[in-house]
Amino acid sequence: MNAAVNTATNTAVHRRGLLAATAATGLTLATVSFAHAADRPGPGPDDGPRRTRTVRGTLPAGSPDYVYLPIEVPRGVTELVVSYTYGKPPVPPGVQGNALDIGLFDERGTALGGRGFRGWSGGARTSFFVRADTATPGYLPGPVRPGTWHIALAPYTVAPEGLPYEVTVTLRFGEPARTPTPAYPPERAKGRGRAWYRGDCHVHSTHSDGRRTPAEVAAAARAAGLDFINSSEHNTTSAHAAWEGLWGDDLLILTGEEITTRNGHVLAVGTDPGVFVDWRYRARDHRFGRYARQIRRAGGLVVPAHPHATCIGCNWKFGLAEADAVEVWNGPWTPDDEVALAEWDNALVASVRNADDGPGRWLPAMGNSDAHREPDRLGHPQTVVLAESLSRRAVLAGIRAGRSYLAESAALTLSFGATDGRGRHAGIGERLRAAADAPVNVRLAVSGAPADCTVRLVTDQGVLLTTPLPAAGADVVEWRTTPDHAAYVRAEVRHAPAVPGLPGAFAALTNPVFLDAAAGTTG
């Protein structure tokens, strides 16, 4: 494999081979040196001298996931600026075209999980800069120290004839600025004590491929009636320090990341501010467990996102053994959400039927908007969590326990639970232990639903009750069963089908109430 690399001028192109490296680091191109470059004055009177290099090459089809371009940064650099372009030749229908992502690692190296990460913009930007006091959104401010930096080129897809690229690097010299201390969101908002809190844990801003600023995201969250959001940019933590002045008594802002691998995306929900989780591995590398544990050590939850999405690289291939919850509803309801729901329900069935000593581990469902830009609606859907307070610890505990339901908007409210003949009660995510043949009353109260909706009660036996809601969109539905007949019950509120014979889109969905059969009978 060869690449054309220009390390001297903008016109002279030299052929050099790619240098093989380990699977973890991909492949490395020839180093770009600025040692013999002449300084040029900056474009403005306040700019110091600058040096520029341009690198050109072509990545063939079958290139590794990550190709690193080393840059030798000398002393005295205060700003590093990168811009890039690549060719997009037309391809026949059904053939992948070119897509090239980009990121940056500093002199501390490109090791997986190492400290060298300085930013990622994927394919959302064609240029970026870093310096001590500030950086392009997606990138981390900090000193531009001397040493070997690496531009990470990630050929997402490559056309059959190859991917021609051009990368231009400019180093600016001068007196370094001071790196500010980041202001991270507080871990607690005022809240209402023990209550149901509404949140959206999958949102994007200009710090990855979103088009809303953090201020616009916060405003949209408040307009949607949300109590909390999770900052979840693709493969970067730069937004963690971008929320200053945007949180308040009414809005808790959690910090996290959408870890965007080539074999699926996973949300790190509510991790400690500033904690970066690497994404440069595939399922066959057997590394995901290591990073799932890192998320939990940082206080967060591991939530596979849109596990059956049809976009390239979005389908989840790491399994659910390391997950704390799973996103079964992502944005407006689509057929891949229906598949995710069916897979989740199958896992619920397995958890109650395959355990020798009672129900085993189960994964709660989550719903998030994955909102990027207008007209994407934050809070469509949202996860409504029963938490002891509006705090990071309490909200994550509620999600982890499955004490939550999903709704298409803040207008829709549910109350769902089961009660036995002795007055014992279990709510969403809880267990009611009763004799196998003891009568259990299941009750769902709905308000604020659209007029065309139908309620379905689903158990490990399938859909056992279907009833339309009245035009007012509010009703109480009651149903009697026994633990022997239903090991769990969950509720769905669905719109009228858009296609006859197929289920309608969701208005709301609850996590299950479990009915555990105790030994003996009611007699």
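The shown structure was predicted, so the numbers you read here are calculated from the model rather than taken from an experiment.
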### Task
Return the minimal non-hydrogen interatomic distance between R361 and S351, and the atom names on each side.
O-CB, 3.3 Å
### Task
Using atom types as modelled and distance alone, determine if a side-chain donor or acceptor of T255 lies under 3.5 Å from a backbone N or O of T271.
yes
### Message
With side chain to side chain contact (heavy atoms under 4.5 Å, CB included) as the criterion, how do Y84 and L100 come out once you've worked through the C-alpha distance, each side chain's angles and the decisive distance to 0.1 Å?
### Response
CA-CA 10 Å; Y84 82 116; L100 183 64; 3.9 Å; yes
### Message
Contact between Y86 and P155 at the side-chain level, heavy atoms closer than 4.5 Å - yes or no?
### Response
no
### Query
Should the pair R118 and F128 be classed as cation-pi, given the thresholds of under 6.0 Å to the six-membered ring centre and 45° from the axis?
no
### SG-CG distance between C311 and D336, expressed to the nearest 0.5 angstrom
8.5 Å
### Query
So, E258 and W279: side-chain donor and acceptor under 3.5 Å apart, yes or no?
no
### Message
Keeping N511 on the side-chain end and R403 on the backbone end, is there a donor-acceptor pair under 3.5 Å?
### Response
no
### Query
Under 3.5 Å, is there a donor-acceptor pair linking the side chains of D370 and H204?
yes
### Message
Take a 6.0 Å sphere around CD of E374 and say whether it holds more than 12 heavy atoms from other residues, nucleotides or ligands.
### Response
yes
### Query
For the side chain of H265 and the backbone of C314, is there at least one donor-acceptor N/O pair under 3.5 Å apart?
no
### Query
Counting only heavy atoms not in R145, do more than 12 fall under 6.0 Å of its CZ?
yes
### Query
Passes salt bridge (charged side-chain N to carboxylate O under 4.0 Å, His left out), D65 versus R280? Steps please.
CA-CA 8 Å; D65 290 343; R280 294 170 293 158; over 6 Å; no
### Query
Which is it for T236 and F117 under the side chain to side chain contact (heavy atoms under 4.5 Å, CB included) test, yes or no, and what are the steps along the way?
CA-CA 9 Å; T236 185; F117 174 77; 3.9 Å; yes
### Message
Main chain of D227, side chain of R198: is a donor-acceptor contact present, judged purely on distance under 3.5 Å?
### Response
no
### Message
Testing the basics here: between Y156 and R262, what is the closest heavy-atom pair and its distance to 0.1 Å?
### Response
CD1-NE, 3.6 Å
### Message
Looking at I71, is its backbone amide N or carbonyl O close enough to the side chain of R53 to form a donor-acceptor pair, meaning the two atoms are under 3.5 Å apart?
### Response
no
### Query
Would a 4.5 Å heavy-atom cut-off, applied to side chains only, mark V266 and V302 as touching?
yes
### Task
Answer yes or no: is there a side-chain heavy-atom contact under 4.5 Å between T206 and P214?
yes
### Query
Just by modelled atom types, is the A124 backbone N or O under 3.5 Å from a matching donor or acceptor in the D209 side chain?
no
### Query
How about E107 and T148: does a side-chain donor come under 3.5 Å of a side-chain acceptor?
no
### For the student: nearest non-hydrogen atoms of Y68 and Y66, plus distance
OH-CB, 3.7 Å
### Message
I'd like to check T134 versus F129 (side-chain heavy atoms, cut-off strictly below 4.5 Å). Are they in contact?
### Response
yes
### Side-chain (D101) to main-chain (G123) donor-acceptor, under 3.5 angstrom
yes
### Message
For a quick check under 3.5 Å, do S121 and Y139 share a side-chain donor-acceptor pair by atom type?
### Response
yes
### Query
How close do A132 and T179 get, heavy atom to heavy atom, and via which atoms?
O-OG1, 2.9 Å
### Query
So, the side chain of T170 versus the backbone of V81: is there a donor-acceptor pair under 3.5 Å, distance only?
no
### Message
Please identify which of these residues, E327, H202, Q382, meets the side-chain hydrogen bond (donor to acceptor under 3.5 Å, both in side chains) condition with N368.
### Response
E327
### Query
Minimum heavy-atom separation for S231 to A239, with atom names?
OG-CB, 3.5 Å
### Between S205 and E233: side-chain donor-acceptor atoms closer than 3.5 Å
yes
#### Entry: Closest approach of S404 to T383 (non-hydrogen atoms, all atoms of both residues)
CB-CG2, 3.9 Å
### Query
Do the side chains of P381 and W333 get nearer than 4.5 Å, heavy atoms only?
no
### Query
Heavy atoms, side chains only, cut-off 4.5 Å: are I295 and I259 in contact?
yes
### Message
Has R51 got a side-chain atom pairing as donor or acceptor with F34's backbone, closer than 3.5 angstrom?
### Response
yes
### Message
Side chains of T261 and N263 only: does a donor on one sit below 3.5 Å from an acceptor on the other?
### Response
no
#### Entry: Qualifying residue, where the test is salt bridge (Lys or Arg N to Asp or Glu O under 4.0 Å) with D272 and the options are R392, R297, R296
R392
### Query
Can you find a pair of side-chain heavy atoms, one from W243 and one from I229, that are under 4.5 Å apart?
yes
### Query
Below 4.5 Å, heavy atoms only, C-beta onward: do N315 and H308 meet side chain to side chain?
yes
### Task
Under the side chain to side chain contact (heavy atoms under 4.5 Å, CB included) rule, what do W329 and W344 come out as? Steps first, then yes or no, please.
CA-CA 11 Å; W329 185 357; W344 172 68; over 6 Å; no
### Query
Judged by atom type as modelled, is there a donor-acceptor pair below 3.5 Å linking the side chain of E322 to the main-chain atoms of F288?
no
### Query
Which is it for H372 and R211 under the side chain to side chain contact (heavy atoms under 4.5 Å, CB included) test, yes or no, and what are the steps along the way?
CA-CA 6 Å; H372 284 70; R211 293 293 178 266; over 6 Å; no
